[in-house]
Amino acid sequence: MFHPDERQRHLPSQMWTNSINQANKMALRAWAKETGINLVQVNGQRRYGGPPPGWVGGPPPAGTEVFIGKLPQDVYENALIPLFQSVGKLYEFRLMMTFSGLNRGFAYAKYGNQRDAKEAITALHNFEVREGCAIVVCRSTEKCELSVDGLAASVSRQELEAVLRRVTEGVLSVTLHVSPCQKQAQLAVLKYSSHQAAAMAKKTLTEGNVKLRGVQMRVNWLKPDLKQKLQSCKEKPPSSLVRGGKCPEVPKPVPLSPVLCNAVERLHAVCRRQHLGTPLFLTKFVQANPKGWQRFWCQVVIPGFPVPFSGFTWVRQDRPGRSGHEEAKVAVALHVLRALAAGQLT
């Protein structure tokens, strides 16, 4: 039977009642009901397993996934899963889908070990799933890194990471660099936990009209030559907005004040101790008054809590070289620490 992922949109019923390929869709339904296999629709792909029922242990290592190409668009899992299970135990099978309910001509099969993946390539490459329709089976590249170019120079790592965690899953790290292609812009490298997570993030960010500072994000797979070029340069230190919204030159790294280090580090330590996850900070300059005070909107996202901690704070930038964003960060960190101590966030 079919089971929608509660965190994703369920496949609209009209796709299954569409007259296109109705016979094969009915056969798929009957097969799923007979075998009890659950197929989950997630943003343009249909997935079995990951892990499958009865799986023991963690996910398989790299090198266990194969790419399947040149599929007839009217073939479904009732024909493909048994075929690819015939050479080894499947951990996951993903069929890319169109909005009409036809497949997009390719899929991915992940096995429990590298031996079975190699056997699938040997046995099933150029296999005819029907007369005259030979499929391609080869090793999946399993790329996990994306690049986002053209970001404003004032965008911080925390701001970008907070957006990514709201709309994508599996983010491991976000790094910012001076863009090698555009003046006064940044390039971000996004690393995800798996090829699937990266592919889904690319699709969501590209097709979901996700914007940062009102500009749509331009997302591509990270190319090897660009990665090598970036590795030869130091990561760009985070910048901040200044009064009037102008973007300053990239500041030189300066030592953080003991108060800032203590507040932020203490919040990180408390979150680690209580197994709440790593807190993410987002600060946005709002206004300044003639006396030197700056008002910021601040947000702290703690994975262990269902809603972020948000609010406004006034700070004063007393020392040259110390960012108002840093002062806002310590202010909101202190607020969160007090709330945790008082039990207001539990």
Side-chain angles (χ1 to χ4, degrees), residues 1-5 8-50 52 64-88 90-111 117 119-143 194-208 219-221:
M1 66 181 188
F2 294 93
H3 173 69
D5 190 328
Q8 305 287 348
R9 294 181 301 172
H10 185 24
L11 184 67
S13 59
Q14 61 265 29
M15 292 185 186
W16 286 104
T17 57
N18 193 297
S19 60
I20 297 175
N21 202 27
Q22 191 172 28
N24 283 2
K25 291 174 182 176
M26 292 178 64
L28 175 61
R29 282 181 173 275
W31 172 80
K33 184 177 181 179
E34 179 183 350
T35 60
I37 282 181
N38 290 330
L39 300 176
V40 179
Q41 180 76 20
V42 184
N43 286 340
Q45 66 176 327
R46 203 160 54 215
R47 186 183 72 225
Y48 158 75
T64 55
E65 185 175 78
V66 299
F67 170 82
I68 307 155
K70 292 190 176 181
L71 289 171
Q73 285 193 276
D74 60 350
V75 69
Y76 293 133
E77 290 90 343
N78 54 319
L80 296 172
I81 288 179
L83 175 64
F84 282 84
Q85 278 183 332
S86 67
V87 298
L90 282 175
Y91 173 79
E92 182 180 65
F93 188 91
R94 297 182 288 125
L95 182 63
M96 306 300 115
M97 302 298 296
T98 68
F99 289 111
S100 68
L102 296 172
N103 78 62
R104 294 171 58 192
F106 66 100
Y108 296 90
K110 178 169 283 192
Y111 289 90
E119 179 61 25
I121 295 171
T122 301
L124 300 177
H125 180 58
N126 286 328
F127 179 84
E128 291 193 355
V129 292
R130 65 173 62 137
E131 188 175 356
C133 295
I135 61 175
V136 169
V137 182
C138 60
R139 186 175 180 271
S140 172
T141 55
E142 299 188 61
K143 295 178 288 187
S194 67
H195 173 71
Q196 179 187 348
M200 295 308 301
K202 183 176 183 294
K203 179 179 175 65
T204 298
L205 295 172
T206 302
E207 301 179 6
V219 186
N220 293 288
W221 291 108

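Residue indices begin at 1 and follow the sequence shown. Because the structure is predicted, anything quoted here is derived from the model rather than measured. Atom set for the values below is all heavy atoms of this structure, side chains included, hydrogens, waters and symmetry mates excluded.
Applying the salt bridge (charged side-chain N to carboxylate O under 4.0 Å, His left out) test to pairs two or more places apart or on separate chains, none has a residue in residues 98-110. Residue pairs meeting the salt bridge (charged side-chain N to carboxylate O under 4.0 Å, His left out) criterion with at least one partner in residues 65-85, sequence neighbours excluded, are R46-E77, E65-R94, D74-R130.
You'll find the side chain of P72 reaches within 4.5 Å of the side chain of V129, heavy atoms only. A heavy-atom distance below 4.5 Å is found between the side chains of R139 and I121. Taking 4.5 Å as the limit, every side-chain heavy atom of N220 sits out of range of all side-chain heavy atoms of T206. A heavy-atom distance below 4.5 Å is not found between the side chains of V136 and F106.
The CG atom of L124 lies 5.0 Å from the CG atom of L83; values are rounded to the nearest 0.5 Å. Rounding to the nearest 0.5 Å places NZ of K143 at 8.5 Å from NZ of K202. Between N78 atom CG and T35 atom OG1 the span is 9.0 Å, to the nearest 0.5 Å. From L39, atom CG reaches atom OH of Y48 across 9.5 Å, with rounding to the nearest 0.5 Å. Considering CD of Q22 and CG of N24, their distance stands at 10.5 Å, rounded to 0.5 Å. One finds the CZ atom of F93 at 6.0 Å from the CD1 atom of I81 (value rounded to the nearest 0.5 Å).
In terms of modelled atom types and a separation under 3.5 Å, the side chain of Y76 and the main chain of R29 share no donor-acceptor contact. For N103 (side chain) and Q73 (main-chain N/O), a donor-acceptor pair under 3.5 Å exists by modelled atom type.
In terms of heavy-atom proximity, V87 sits nearest to A123 at CG1-CB, 4.0 Å. In plain terms, the two heavy atoms of A109 and F84 that are nearest each other are CB-CD2, 4.3 Å. The two residues V137 and A120 have their closest heavy-atom pair at CG1-O, 3.9 Å.
Ring-plane geometry between F67 and Y108 is classed as perpendicular, the angle between the planes exceeding 60 degrees on a 0 to 90 degree scale with a lower cut at 30.
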- [ ] Check the pair M200, Q45 against side chain to side chain contact (heavy atoms under 4.5 Å, CB included), reporting the backbone distance first and the verdict last.
- [x] CA-CA 9 Å; M200 295 308 301; Q45 66 176 327; 2.5 Å; yes
